[in-house]
Amino acid sequence: METKIPKLEKKVITVAFVTSAVHLGLIAYAAVKLGITVPTCVTNVKPFTTGAFIDHGQKRYEVHVLAKMWGFEPSRIRVPRGSIVDFYLTSKDVNHGFNIDRTNVNLMAVPYVVNYAQARFETPGKYPVICHEYCGAGHQAMNAMVEVAEADQPAEAEGIEAAPSPSIEAAAQPPGQKIMQTKGCFACHSVNGSPGVGPTFKGVWGRKETLSDGTAITVDEPYVIESIRKPQAKVVKGFGPVMPTIPMTDQELKDIIEYMKTIK
Ligand code: CUA
């Protein structure tokens with residue numbers, strides 16, 4: 001028996017094929033002729049806490065843009081005409097926008113996320129950058145500038161806050177602090193007095209605390225050791241018995257205690 005495809009169905013199939021072909025053709029045209037690359041949200045740049053401007057030579061630049069209330073780091077970059085610039089964007093605080101005038105660059109700056117776009121700058125001039133996501137009182141003044149200079153002008157960037165060198169920072173960090181960071185203690189205990197799930201460590205050494213059963217204690221070495229080994233034994237009043245038992249070596253305990261004494 002012969003299966004007949006109805007005429008209408010044939011038409012529908014033809015139209016579907018033609019529109020798909022046109023669609024794919026336009027994507028290929030955009031990629032090859034117009035140089036518009038398919039946007040990606042996967043980058044190999046880790047979230048960063050300070051802006052950066054990296055010259056890769058041959059008019060290739062990499063910019064790490066840190067959006068924050070209410071400005072961008074860097075606040076101004078200048079590149080020679082003909083440059084290709086890779087923009088990596090993240091936020092230090094809330095969601096921001098990042099739109100470079102007269103380019104295809106239009107991104108969201110999201111904390112802990114790095115978004116990416118590339119732009120090629122052929123025409124000298126000023127390309128204002130604005131934040132197009134409402135982000136608080138200073139939103140309307142949140143902007144930056146990309147300047148495209150003549151080909152022989154040097155590239156430069158402004159407004160990047162110098163980050164403390166990681167090696168110096170690591171050397172100055174007490175071992176106890178590092179251990180507590182690794183074990184996640186600071187998720188519940190602040191060191192600046194701000195409230196958390198557990199008592200703050202600010203000024204904790206020698207502090208008088210009232211326990212949930214009403215007895216008073218002083219935070220000293222035996223109390224801290226007991227609280228880490230058996231978190232539920234003596235819970236400070238006003239806090240839940242929610243601290244997990246986190247394995248610690250004796251040396252780690254010693255380091256932590258030394259560090260806790262210094263949190264004033
Ligand atoms: Cu940042 Cu609006």
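Along the sequence shown, residues carry numbers from 1. Both ligands and their constituent atoms are indexed starting at 1 by order of listing.
The name of the N, O or S atom in H96 nearest to atom 1 (Cu) of ligand 1 is ND1. The atom of H139 that is an N, O or S and sits closest to atom 2 (Cu) of ligand 1 is ND1.
Salt bridge status for R76 with E156: present, with a side-chain N to carboxylate O gap under 4.0 Å.
Checking side-chain atoms of N106 against main-chain N and O of N104 turns up no donor-acceptor pair under 3.5 Å.
Residue contact annotation: C131 places an N/O/S atom under 2.8 Å from atom 2 (Cu) of ligand 1. Among the backbone and side-chain atoms of M142, an N, O or S atom lies under 2.8 Å from atom 1 (Cu) of ligand 1.
Residues K237 and L211 fail the side-chain proximity criterion, which asks for heavy atoms closer than 4.5 Å.
Distance check: K264 NZ to K202 NZ gives 11.5 Å after rounding to the nearest 0.5 Å.
Between the side chains of T50 and E161, no donor N or O sits under 3.5 Å from an acceptor N or O.
Geometry at atom 2 (Cu) of ligand 1: O/E133 and SG/C135 form an angle of 110°, nearest 10 degrees.
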